[in-house]
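Scope of the values below: all heavy atoms of this structure, side chains included, with no hydrogens, waters or symmetry mates. All figures in this text were calculated on a predicted structure; none of them were measured in a lab.
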There are 2 protein chains.
Amino acid sequence: MAQDQDRPRKRRGAGRVTLNQVAREAGVSAISVSRHFNQPEQVSAELRERIQAVVERLGYVPNLVAGGLASARGRIVGMVVPNISGPIFANTIQGFSDTLAGHGYQLLLASSYFSTEQEESAVRSFLGWSPAALAVTSHFHSEGTEKLLADADIPLVEVWDYQPRRTPIQVGFLHYDVGVMSARHLLDKGYRRIAFVQNSAAGDFSALDRRDGYADTLREAGLEPWVFVPSSDSAPFEAGKQAMQHLMKRTPWPDAIIFANDNLAAGGLLAAQRAGLRMPEDCAVMGFGDYAFAELLLPSLTTVRPPSREIGEIAAQRVLQSLGALPAEQPVQRLNRLACKLVEREST
Amino acid sequence: MAQDQDRPRKRRGAGRVTLNQVAREAGVSAISVSRHFNQPEQVSAELRERIQAVVERLGYVPNLVAGGLASARGRIVGMVVPNISGPIFANTIQGFSDTLAGHGYQLLLASSYFSTEQEESAVRSFLGWSPAALAVTSHFHSEGTEKLLADADIPLVEVWDYQPRRTPIQVGFLHYDVGVMSARHLLDKGYRRIAFVQNSAAGDFSALDRRDGYADTLREAGLEPWVFVPSSDSAPFEAGKQAMQHLMKRTPWPDAIIFANDNLAAGGLLAAQRAGLRMPEDCAVMGFGDYAFAELLLPSLTTVRPPSREIGEIAAQRVLQSLGALPAEQPVQRLNRLACKLVEREST
DNA sequence: TTGTATGCGTTATCAT
DNA sequence: ATGATAACGCATACAA
């Protein structure tokens with residue numbers, strides 16, 4: 001007890017100001033200082049003022065680690081995405097992070113590079129931090145991940161896809177529908193020999209759903225699907241170029257091509273121009289993603305815009321509702337199917 | 001003691017498997033299980049095998065929160081950037097995160113939107129997690145932030161800038177030099193009426209350093225700097241367009257323009273083309289950033305490529321070295337000045 | 001509205 | 001190489 005009156009011995013603690021020191025200085029009990037931060041409405045104005053003064057004078061920063069241990073739930077949320085820097089997920093991360101930060105939650109972030117092992121490893125580490133909730137991308141996980149998540153017993157969100165039959169909260173859209181929408185757009189414009197170019201990145205299963213939507217739509221129209229697969233893991237622009245060169249050598253060549261994403265489409269567009277083709281007269285081109293450059297290309301690129309940022313924001317809202325940090329309408333809405341927008345430009 | 005033999009009471013703990021349970025099942029002491037994870041070389045092969053079997057059977061996940069509290073340092077590193085989704089910082093975040101993850105550290109991320117208040121708020125929250133280290137962007141901080149960081153007594157990195165006189169580890173480049181490099185490039189090509197277009201985003205102080213480098217270089221060459229400032233906080237493409245329209249009305253108009261970044265440059269390029277100008281014959285254009293679309297524009301855009309990903313990687317390495325998680329050459333290298341690359345394309 | 005006693009799950013320290 | 005014990009700083013449960 002006598003020792004406790006002194007500055008903490010610097011051997012373990014980093015010598016930081018603690019809640020107890022604040023309490024002593026303010027002449028109140030520790031729990032009152034705790035309440036001052038977590039349930040301020042339960043503390044009288046007078047006490048709060050006294051406490052706040054000491055907090056500022058001492059530069060006290062609450063130790064969230066200790067709080068997390070005591071309460072078994074930290075104000076921290078983990079998110080695993082395939083990558084951070086690509087044009088696809090960045091906005092989702094931003095929306096997720098911003099919405100969380102607005103309510104005092106912090107974001108723990110990791111990327112999987114479309115590898116389920118890396119995802120599992122990230123989820124495992126995250127769980128060690130007792131996160132309040134977890135968000136992962138789509139529904140392709142290893143068994144280990146599924147088990148970890150099932151045992152964790154915290155709110156779980158899957159973003160960028162929409163699988164009503166799965167238990168986690170879903171915030172995304174049906175990639176299959178994007179394929180349908182793209183194919184319909186081209187059919188409506190009168191194109192008939194419509195090809196689809198897959199993604200060169202292995203592991204992008206969502207792109208295969210889009211392909212299936214395209215293929216079914218063509219068959220329904222009495223047309224034969226025509227799928228080109230670039231060599232595995234070639235760089236996006238290159239893969240697009242490769243696809244375009246291959247397809248335009250066929251007789252007859254396609255009169256329209258749907259690329260798995262805008263990067264591939266841009267590569268294809270440039271290759272065609274260098275070969276002296278006029279787009280869209282000689283061949284129409286569509287992408288997916290509405291990356292920043294889509295409107296800057298010549299011709300500007302027709303594409304489908306996913307609700308990237310919105311996905312992140314809504315995912316965060318559902319998390320916050322599950323945690324009671326946000327008013328929830330009855331049970332938290334588990335199925336959140338958002339709309340993609342077809343952005344028609346010059347390339348079709 | 002008798003209670004402790006049972007499953008933990010579910011009132012507080014989330015009912016997760018604990019280190020003690022593993023220890024009991026394996027017939028060893030708790031500390032041995034702890035060592036199995038943190039200093040495996042200090043545990044005999046026999047014990048490790050026994051422990052590992054139990055860990056897997058029970059699905060034990062170490063509680064990093066408890067560990068963090070006990071050891072006063074969590075394997076977590078905070079990073080604050082102006083934004084996550086922009087083309088600028090995304091690669092730095094990715095490089096930082098990947099390098100850290102490779103050594104068992106997790107990334108806590110927040111964005112400041114160029115606001116020093118938001119940065120301070122993020123730093124404060126991060127510190128509550130006893131991070132092993134912290135990374136912030138450039139050297140423009142509030143006083144509060146400076147104080148928090150100074151008191152924190154953990155490795156601190158400033159990325160995306162290079163200020164030798166500051167105490168934190170610096171990983172970045174001299175924006176002033178980029179301005180010099182850009183201006184020299186244009187002077188060498190024979191351009192003489194060279195204008196500079198500032199960023200429309202307030203708070204981007206680094207862009208002002210680039211402008212200063214440009215201005216000094218022009219003066220040294222006996223030429224007058226010519227700076228255009230777009231209306232504040234207009235969208236990047238719009239700001240570029242606005243600048244181009246304004247500048248090309250002047251007589252004589254500039255024969256070359258340096259834009260504060262590639263977004264502005266793209267907006268300017270498109271506006272000029274719509275006005276029927278031929279680039280670079282009528283006016284050369286340069287940007288900064290080497291965004292993905294730079295090589296896709298027609299004409300493709302000459303620009304300066306910052307070492308974005310490298311900055312993140314080296315920052316992480318310096319952090320890991322400071323923490324002893326990576327072999328360090330003598331004291332950790334505090335000043336890390338990286339090179340930008342001028343990428344010459346068709347627009348100049 | 002305020003306070004007291006206790007334990008969260010791990011690691012540092014000291015011992016063997 | 002392995003173990004016993006005592007923190008780490010806070011929030012829960014209960015009491016006043």
Grab the NE2-P distance between His36(A) and dT2(C) for me, whole Å please. 12 Å
From C-beta outward on Ala70(A), which listed nucleotide comes closest to its side chain: dC8(C), dT2(D), dG9(C)? dC8(C)
Between dC10(D) (C1') and Arg24(A) (CZ): distance, integer Å: 15 Å
OP1 or OP2 of dC8(C) under 4.0 Å from side-chain N/O of Asn63(B): no
As a test of reading the structure: which of dA11(D), dT2(D), dT11(C) is closest to the side chain of Asn38(B), going by heavy atoms? dT11(C)
Categorize Ile31(B) for me: base, sugar-phosphate, or nothing, with a 4.0 angstrom heavy-atom threshold over every strand shown. base
Take atom CD of Glu41(A) and atom C1' of dT2(C), then tell me their distance rounded to the nearest Å. 15 Å
Check the side chains of Glu158(A) and His141(A) for a donor-acceptor pair under 3.5 angstrom, ignoring hydrogens and angles. yes
Answer yes if the side chains of Tyr162(A) and Asn336(A) hold a donor-acceptor pair under 3.5 Å, and no otherwise. no
In whole angstrom, what separates Leu69(B)'s CG from dT11(C)'s P? 11 Å
I'd like to know whether Glu41(B) forms a salt bridge (charged side-chain N to carboxylate O under 4.0 Å, His left out) with Arg35(B), so could you lay out the CA-CA distance, the side-chain angles of the two residues, the decisive distance to 0.1 Å, and finally the verdict. CA-CA 8 Å; Glu41(B) 70 282 358; Arg35(B) 289 193 183 112; over 6 Å; no
Report yes if the side chains of Arg50(B) and Gln52(B) come closer than 4.5 Å at any heavy-atom pair, otherwise no. no
So, does Ser32(B) get its side chain near the phosphate of dA1(D), meaning an N or O under 4.0 Å from OP1 or OP2? no
Looking across every strand, which nucleic acid part, if any, lies under 4.0 Å from Val65(B) by heavy atom: base, sugar-phosphate, or nothing? nothing
Examine dT11(C): is either OP1 or OP2 under 4.0 Å from a nitrogen or oxygen in the side chain of Ser71(B)? Give yes or no. no
Walking DNA chain D from its 5' end, the first of Gln39(A) and Ser44(B) to be reached, judged by nearest nucleotide, is Ser44(B)
I want to verify a distance call: between dT11(C), dT2(D), dG9(D), whose nearest atom is closest to the Arg35(B) side chain? dT2(D)
Are Thr18(B) and dG9(C) close enough that a side-chain N or O sits under 4.0 Å from OP1 or OP2? no
For Phe37(A) and dA11(D), what is the distance between atoms CZ and P respectively, to the nearest whole Å? 9 Å
Any donor-acceptor N or O pair under 3.5 Å, side chains Gln94(B), Ser111(A): yes
From the options dT11(C), dT2(C), dA11(D), select the nucleotide whose nearest atom is closest to the side chain of Leu19(A). dA11(D)
What's Leu64(A) touching, base or sugar-phosphate or nothing? Going by heavy atoms closer than 4.0 Å. nothing
Using a 4.0 Å heavy-atom cut-off, does Tyr60(A) contact any base of the nucleic acid, only the sugar-phosphate backbone, or nothing at all? sugar-phosphate
